[in-house]
2 protein chains.
Amino acid sequence: MDEFGVPGGRRLPKNFITPWVLLVLKQWSLHGYLILQQLNRMGFSDVDHATLYRELRRLEGQGFVASEWETGGSGPARRVYRITSAGEEVLLGWAEVVSGYQRMINGFFDLYAQAFGFALPADGGEGGRSGVPDLGDGEGDGDGEGEGAH
Amino acid sequence: MDEFGVPGGRRLPKNFITPWVLLVLKQWSLHGYLILQQLNRMGFSDVDHATLYRELRRLEGQGFVASEWETGGSGPARRVYRITSAGEEVLLGWAEVVSGYQRMINGFFDLYAQAFGFALPADGGEGGRSGVPDLGDGEGDGDGEGEGAH
DNA sequence: TCATATATGTGTTATAAGCACATATATGGA
DNA sequence: TCCATATATGTGCTTATAACACATATATGA
């Protein structure tokens, strides 16, 4: 038993980061290290880099993302990922899945309020919206498509 | 690749049902078959019964739930589960975890709206609340605590 | 007699999250 | 010059577990 008694501890649910990775790459073309930081900024606490890098290779193997090396610039070479059109399609499917999670979570807190007499613990879904910034302090990147999507 | 192209398909995220199971048992004392139906009613589509039964035994092994056989009544014997005080404690921890999921999901749909030009696919979190009924058509059960919690 | 609903289990496999370990470049400080 | 740190990407291995297939038993109604 670990952490605060939660079995599995701080282990993330299986397949949980996948839709976030695809969505981040829909919006920006980034290399792994920056994707990692973006995920952390979106509420994932300290994503394991091995998990992310392997997930990216898996998504590339499926044809949902593509990558090319970016040498030039300072520091080690970066493998920059972009989403493919196949990736955009599965992202739509994933959005439905995440929407399903959202409904389940709303149901959870409804019942939670019933069971505990309306004493929600944290943000409890008061409609908050997290307010994801436009890539905080990052590169800026520019990209190719992205903006024109609409 | 399966289902509608979503890799991992209809596989649930790891440890996803655990907090729901604990919460349902906080509210009602039920046997597995009814817990299954309640989970389905809360948005889980067709939870695998083997997964649930093993999860219940695991939670019992951890001391978070307890069970006793209920013979008498028609049909096969039922193993009726109730949450323990240790289970109520971890449920509080799980609620924080679920709240974290909720923040991540809100962040997902924020970015989704940015990336796709404000075209959310399904319910998209408009504040909806799922409206979990009081155990739909089930037994009624009675239980012991539950109501007095407040 | 047979199908179905109720109710609970076990055997096995595939997958992937997390940890430890490894490598390389560039920068800034002692 | 050496060393620590940030950046950046990877592999090896273990372990947990979700899903599937398979199995069992009781009661009811056709």
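Per chain, numbering begins at 1; letters A, B, ... match sequence-line order.
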Discussion item. Whole angstroms only, please: what is the CD-P distance between Glu68(B) and dA7(C)?
Written reply: 17 Å
Discussion item. Let me spell it out: for each of Arg54(B) and His49(B), pick the nucleotide of DNA chain D with the closest heavy atom. Which residue's pick is nearer the 5' end?
Written reply: Arg54(B)
Worksheet entry | Proximal nucleotide (of dT7(D), dA18(D), dA7(C)) relative to the Pro76(B) side chain | dA7(C)
Worksheet item: Glu70(B) CD to dT8(C) P: how many Å, rounded?
Response: 10 Å
Item to complete: Using the closest heavy atom to pick a nucleotide of DNA chain C for each, name whichever of Ala50(A) or Ser74(A) lands nearer the 5' end.
Response: Ala50(A)
Worksheet item: What is the distance from atom CG of Leu25(A) to atom CD of Gln38(A), rounded to the nearest 0.5 Å?
Response: 10.5 Å
Item to complete: Answer with base, sugar-phosphate or nothing: what part of the nucleic acid does Ala77(B) contact at a heavy-atom distance below 4.0 Å?
Response: sugar-phosphate
Fill in: Interatomic distance where CG belongs to Leu39(A) and P belongs to dA17(C) [whole Å]
12 Å
Worksheet item: Within the structure, does a side-chain N or O atom of Arg78(B) lie under 4.0 Å from either OP1 or OP2 of dT6(C)?
Response: no
Response to the item:
Taken to the nearest whole Å, CD/Glu55(B) to P/dT8(C) is 15 Å
Item to complete: For Asn40(B) and Val47(B), indicate whether the former's side chain and the latter's backbone hold a donor-acceptor pair under 3.5 Å.
Response: yes
Worksheet item: Looking at the side chain of Thr51(B), which of dA18(D), dA8(D), dT6(C) is the nearest nucleotide?
Response: dA18(D)
Worksheet item: Roughly, in whole Å, what's the span from CG in Leu34(B) to C1' in dT6(C)?
Response: 10 Å
Discussion item. Output the rounded distance in Å from CZ (Arg58(A)) to P (dT15(C)).
Written reply: 10 Å
Discussion item. Just the rounded figure in Å: distance from P of dA18(D) to CZ of Arg57(B).
Written reply: 16 Å
Fill in: Distance in angstrom units between Ile35(A) CD1 and dT9(D) P, rounded
8 Å
Fill in: Polar pair under 3.5 Å, donor/acceptor by atom type, side chain Arg79(A), base dG10(D)
no
Item to complete: Measure the shortest side-chain to side-chain distance between Ile83(A) and Trp28(A) over non-hydrogen atoms and say whether it is less than 4.5 angstrom.
Response: no
Worksheet item: So do Leu52(B) and Phe44(B) actually touch side chain to side chain, heavy atoms under 4.5 Å?
Response: no
Item to complete: May I ask you to evaluate whether Tyr53(B) reaches the phosphate of dT8(C), defined as a side-chain N or O under 4.0 Å from OP1 or OP2?
Response: yes
Fill in: Glu68(A) side chain vs Arg79(A) backbone, donor-acceptor pair below 3.5 Å
no
